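Only a predicted model underlies this, so the values are computations on that prediction, with no experimental measurement involved. Index from 1, following the sequence.
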Amino acid sequence: MSAGLVNSYLNKKVCIITVDGRTLVGTLISVDMSTNVFLQRAVERVIRSPDDDEPSAEIELGTHMIRGDTVCLVGLVDEPLDASIDWTKVKGATIGTTKH
């Protein structure tokens with residue numbers, strides 16, 4: 001990520017996918033690209049597979065630090081669209097690790 005892009009994401013809701021396939025959503029409050037990314041009001045979304053009877057879940061994490069070397073993707077969240085989705089009903093395939 002470039003410094004300009006990072007600054008444009010500060011204090012906005014972002015979605016982060018990590019190299020181990022975790023999905024985290026929260027407000028980006030600080031970034032040090034060589035070390036850590038900090039989210040406020042962070043939530044981990046655990047999306048269950050279609051054949052799993054258990055509903056998907058959102059686990060509240062509060063203020064959360066993510067090691068910079070584990071971040072695979074960062075994107076801005078469309079907040080009205082995000083708020084309209086019942087994440088407990090979303091099903092999908094597991095995102096595999098990108099680490100080999």
Contacts under 3.5 angstrom, residues 22-29 side chains, donor-acceptor by atom type, not counting sequence neighbours:
residue: R22; atom: NE; partner: E44; partner atom: OE2; Å: 3.2
residue: R22; atom: NH2; partner: E44; partner atom: OE1; Å: 3.1
residue: T27; atom: OG1; partner: R41; partner atom: NH2; Å: 3.3

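Through direct or indirect side-chain contacts shorter than 4.5 Å among Ile, Leu, Val, Met, Phe, Trp and Tyr, V43 is connected to no other residue.
When all heavy atoms of R67 and T70 are compared, the closest pair comes out as O-OG1, 2.7 Å. The shortest non-hydrogen separation linking P50 to G92 is CD-O, 3.9 Å. Of all heavy-atom pairs between P80 and D78, the closest is CD-OD1, 3.1 Å.
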Q | Working for side chain to side chain contact (heavy atoms under 4.5 Å, CB included), residues I66 and I16 | A | CA-CA 9 Å; I66 305 161; I16 295 177; 3.8 Å; yes
Review point. How far apart are the C-alpha atoms of V31 and F38, what are their side-chain angles, what is the distance that settles it, and do they pass the side chain to side chain contact (heavy atoms under 4.5 Å, CB included) test?
Key: CA-CA 6 Å; V31 177; F38 292 88; over 6 Å; no
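Taken together through direct or relayed side-chain contacts under 4.5 Å among Ile, Leu, Val, Met, Phe, Trp and Tyr, I85 and I47 form part of one hydrophobic cluster. Side-chain heavy atoms closer than 4.5 Å link hydrophobic residues (I, L, V, M, F, W, Y) into clusters, and following such links, possibly through other members, connects V71 to V14. Side-chain heavy atoms closer than 4.5 Å link hydrophobic residues (I, L, V, M, F, W, Y) into clusters, and following such links, possibly through other members, connects L10 to V74.
Remark: D82 engages K13, R45 in a salt bridge (charged side-chain N to carboxylate O under 4.0 Å, His left out) (not counting sequence neighbours). By the side chain to side chain donor-acceptor pair (under 3.5 Å) test, D51 is found to be paired with S49, residues two or more places apart in sequence or in another chain being considered. E79 pairs by the salt bridge (charged side-chain N to carboxylate O under 4.0 Å, His left out) definition with nothing, not counting sequence neighbours. Under the side chain to side chain donor-acceptor pair (under 3.5 Å) criterion, D53 pairs with no residue at all, not counting sequence neighbours.
L76 contributes atom CG, which lies 10.5 Å from atom SG of C15 (distance to the nearest 0.5 angstrom).
In terms of modelled atom types and a separation under 3.5 Å, the side chain of K91 and the main chain of D52 share a donor-acceptor contact. A donor-acceptor pair under 3.5 Å links the side-chain atoms of S56 to the main chain of R48, judged by distance alone.
No side-chain heavy atom of C72 sits less than 4.5 Å from a side-chain heavy atom of T18. Between L39 and T63 the shortest side-chain heavy-atom distance does not fall below 4.5 Å.
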